[in-house]
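Along the sequence shown, the residues carry numbers beginning at 1.
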Amino acid sequence: MFLPFQRPYHGAWVTTFLAGRAIAGVESVVGPHYRRRLTGGAWVEAELTDHGLRVDVPATGTAAVDAHKRLRRLFDLDAPAAAIDAHLAEYPALANRVGGFRGIRVPGFWDAFEGAVRAILGQQVSVSRATVLAAALCERFGGGLFPSAEALARADVASIGMPGTRGRAVSKVAERVADEGDAWLKTPDTLRSGFADIPGIGPWTTEYTAMRVARDPDAFPDTDWGVFKALGCKGRVAREWAEPCRPWRAYATMVLWAARSE
C-alpha cells in the first residue's frame, strides 16, 4: 500500500522526531523506516519515500484501513504544506527559519490514548526521560505493549518513577477513556476541557496533546522550554510573538524546535 502526502514534506524532521521518542520494543525508527508492534507480535512497517509512505500492514479489511489512518495521522501526511509554508514565511520574525524547513510536519501518535498518556509522562521532564518512563509503563502494565486504558485506570502509575499527582492524572484519563472511549481526546475543545478537570495536568501538557493528538494546527505550548530557548520569552510574550502565525502556530512551534535541533 502506498500513502501519498502533500508536498513539500520534510521527512528528515518527522523521522528524527519520531526516532527520538520511540518506545523500545514497541516501535522503532531507523532512517526512513518505521515499525510498530501490534497485539500478537506482528509488526506494521512503513518506509518514507520522496513521494509518500510505503506501507506493509499484516492485516486486511477494516484492520488495514485503521492502520493506514493511524499512519496518516502519525506522519501528518495530509497537512496543506505549501499553504502553511507560505503563511509562516510572511512573518519576518520566522521567515528565515521557515526557509530551512519547507514542508515541516507535526508528527502525531499511533494511538490517541497513548499520546495523551505520553504527554503527561513528559510533563516537566526531558524527552529522553519521558521515553524511558513510557517504556517502563509498557513493561510493567502492558506486557511489552502500550497498556490499555482499563489497565492504567487501576494501576499505580507513579510506581514507575514519577510524582503521585501526575500518576493519578494518567489514571484519571484512563478511567474516562475506559468508560467513554477516546473520541474526546481527538477534538481540541473537548480535550482541553477534559484536561482542565484533571489535577496534575498543566498547560504545556494540554497544548502539546492538542497539537499532536487532537491535531489542532493552532495549538501553541507557550511555556515549552524549546520555545523559550528559541524566542527568549514564554507565556503572554510568546503568545504575542506567535500571533501572526495563526492559524498554524503548531507548525511554527515545530519550526522553532527544528531550528534549535540543528
Original post:
Trp241 and Tyr91: aromatic ring centres closer than 6.0 Å?
Top reply: yes

Original post:
For Gly167 and Met162, which heavy atoms make the closest approach, and how far apart are they?
Top reply: N-CE, 3.9 Å

Original post:
Hey, would you say the Tyr34 and Phe75 ring centroids sit under 6.0 Å apart?
Top reply: yes

Subject >> Cluster link Leu71 to Leu38, ILVMFWY, side chain under 4.5 Å >> reply: yes

**OP:** Give a yes-or-no answer on whether the side chains of Asp222 and Trp204 include a donor-acceptor pair shorter than 3.5 Å.
**Re:** no

Original post:
Can a cation-pi geometry be assigned to Arg212 and Phe109, taking NZ or CZ under 6.0 Å from the six-membered ring centre and within 45° of the ring axis?
Top reply: yes

Original post:
For residues Tyr251 and Asp218, is any side-chain donor paired with an opposing acceptor at under 3.5 Å?
Top reply: no

Original post:
Heavy-atom count around Asn96 CG within 6.0 Å, excluding the residue itself: above 12?
Top reply: no

Original post:
Is any side-chain N of the basic residue among Arg7 and Asp50 closer than 4.0 Å to the acidic one's carboxylate O?
Top reply: no

Subject >> Glu45, Glu47, His33 screened by side chain to side chain donor-acceptor pair (under 3.5 Å) with Arg54, the one that passes >> reply: Glu47

**OP:** List, by chain and number, the other hydrophobic cluster members for Trp225, where Ile, Leu, Val, Met, Phe, Trp and Tyr join if side-chain heavy atoms come within less than 4.5 Å, directly or indirectly.
**Re:** Phe228

Original post:
Below 4.0 angstrom, N of the basic side chain to O of the carboxylate: do Glu207 and Arg192 qualify?
Top reply: yes

**OP:** Check Arg21, Arg118, Arg37 against Glu27 for a salt bridge (Lys or Arg N to Asp or Glu O under 4.0 Å) and give me the one that passes.
**Re:** Arg118

Subject >> Arg176 NZ/CZ over Trp184 ring centroid, <6.0 Å and within 45° of normal >> reply: yes

